[in-house]
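These notes concern the structure reproduced below.
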Amino acid sequence: MTRLRSEDDFLALIDRHFPREGDGIVLPRGDDAAVVACPGPVCLTTDLFLEDVHFRRGYFAPEDTGYKALAVNISDVAAMGCRPTGFVLGLVSPEDADREYWDGVLAGMATLAARFDLPLAGGDLSRGDKVGLSVTLWGTPGPSGRFLTRGAATPGDVLFVVGDIGLARVGLTVLEKDGPDAAARFPDAVAAHLRPEPQVAAGLALAGLSRVTACMDVSDGLARDLPRLLPPGLGADLFLTPALLHPEVTAHAAGHGRKPEKEAVFGGEDYALLAAVSPAGWPEVRAALPQAKAIGLVAGNAASTLNGAPFDPRGFDHF
Ligand code: TPS
């Protein structure tokens, strides 16, 4: 175990993983505040990633920790139909998180940042009782100039997802039970939990389709997030067949005597996109994104159904 001796020591480690120069960086890291170029309106998001609230050191490799802290923020920008363009980073380190630990965290984060050509514009460090990462990320719209928002769906719109729902929650459940060994039996679920893939290309494509009425990323589970997508007073009729679900979701549900569609909607941390499109626009969505899966229709009243039966939205809540 090599201790990080000082703040300067930590900053030097960050410099080893993240170049100071980058697209949009007007003043490289090191001054009191960052100076970045904004070509026009940007979307801005922030998400905390805290030990024992959002992850456990027992089964998150340091590289996975850095990756996911950034990925969940990129997912928010993707859900706005934007591409991520830069970020700042706050880190909290307890005494027992050594240089090797942070080297891994920063390496995992830097790999993802490099994939999206994302410069690190600045940040802050502190000692604390547990590991904590705070990422603030901004992004710019694609060629359409449009930000994809929530709240503009209308009755009859097709609801669809891009990405797996319920899979990451299965990953969390098996990791909490079996630790890292869970990957042997549920490899995709564990990967979905540790390393969610932010749907940037899909979000940009959807922003270019004018018949897409609303979009968000699913972080608290479909049941809890769906009401947040829809305008007040509207519900949804969801139709979820096992064919729409990942085989590891159906297998896990079967092993616990649960219905697979319930396992899927009461999940969490999917970081899939959930969106609505007018019926005439659904073929365009399918053509642009063959992986998009229709899961239901926006209903004219607030009562939602799942495979024909009424269901109460609920999911994960920190409070
Ligand atoms: C140790 N969990 C944490 S955050 C979240 C969920 C479902 C949803 C989005 O959160 N306990 C541990 N690890 C976990 N991953 C969870 C519980 C589950 P936010 O609203 O902060 O974006």
Side-chain angles (χ1 to χ4, degrees), residues 43-80 84 87 89-92 94 97 105 108-109 112 128-137 139 150 161 163-183 186 188-199 203 215-229 246 248-249 252-253 258 262-274 312-319:
C43 65
L44 190 61
T45 185
T46 190
D47 248 322
L48 291 168
F49 198 60
L50 306 177
E51 181 177 1
D52 293 337
V53 178
H54 299 92
F55 73 97
R56 288 201 206 280
R57 268 196 274 171
Y59 53 73
F60 264 79
E63 290 77 5
D64 297 331
T65 308
Y67 174 100
K68 188 166 177 181
L70 181 57
V72 300
N73 281 272
I74 296 178
S75 176
D76 280 321
V77 165
M80 296 300 291
F87 72 111
L89 176 63
L91 299 177
V92 180
V105 170
M109 185 176 282
L112 184 62
D129 292 340
K130 292 189 178 185
V131 173
L133 294 93
S134 164
V135 172
T136 300
L137 176 82
R150 306 174 180 187
V161 292
D164 284 300
I165 52 167
L167 188 61
R169 174 57 175 263
V170 169
L172 172 63
T173 307
V174 297
L175 281 165
E176 285 283 316
K177 190 166 153 286
D178 298 334
D181 295 346
F186 291 96
D188 291 355
V190 165
H193 184 74
L194 299 178
R195 288 192 171 239
E197 176 64 32
Q199 301 283 350
C215 182
M216 70 183 296
D217 73 328
V218 183
S219 56
D220 289 335
L222 187 65
R224 183 172 287 273
D225 282 330
L226 184 59
R228 298 174 175 148
L229 180 80
H246 190 288
E248 289 181 20
V249 174
H252 190 263
R258 285 200 286 267
K262 290 248 164 106
E263 183 98 356
V265 300
F266 297 133
E269 300 174 278
D270 299 306
Y271 302 108
L273 297 183
L274 167 66
D312 279 339
R314 83 178 156 77
F316 181 81
D317 196 333
H318 289 305
F319 298 100

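We number each residue from 1, following the sequence as shown. Whatever order the structure lists them in is the order used to number ligands and atoms, beginning at 1.
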Worksheet item: Counting heavy atoms only, which part of Val53 comes closer than 4.0 Å to ligand 1: side chain, backbone, both or neither?
Response: backbone
Worksheet entry | Heavy-atom nearest neighbour of atom 8 (C) of ligand 1 within options Asp220, Leu50, Asp225, Val72 | Asp220
Fill in: His54-ligand 1 polar pair, N/O distance under 3.5 Å
yes
Worksheet item: Does some non-hydrogen atom of His193 fall short of 4.0 Å from ligand 1?
Response: yes
Discussion item. Quick check against the 3.5 Å criterion: does Asp225 have a side-chain atom that pairs as donor or acceptor with the backbone of Ser219?
Written reply: yes
Response to the item:
Quick note on ligand 1: atoms under 4.0 Å from a heavy atom of Asp47 include exactly 22 (O)
Discussion item. Measuring centre to centre across the rings, with the benzene-like ring taken for any Trp, is Phe55 within less than 6.0 Å of His193?
Written reply: no
Discussion item. Show me which atoms of ligand 1 lie under 4.0 Å from any heavy atom of Ser219.
Written reply: 8 (C), 9 (C)
Worksheet item: Does Asp47 use its side chain to pair, donor to acceptor, with the backbone of Asn73 at less than 3.5 Å?
Response: no
Worksheet entry | Heavy-atom donor-acceptor pair, Glu248 side chain to Asp188 backbone, under 3.5 Å | yes
Fill in: Within 6.0 Å of CG in Asp129, more than 12 heavy atoms from elsewhere
no
Worksheet item: Got an N/O contact under 3.5 Å between Arg56 and ligand 1?
Response: no
Worksheet item: So, Asp270 side chain and Gly166 main chain: donor-acceptor pair closer than 3.5 Å or not?
Response: yes
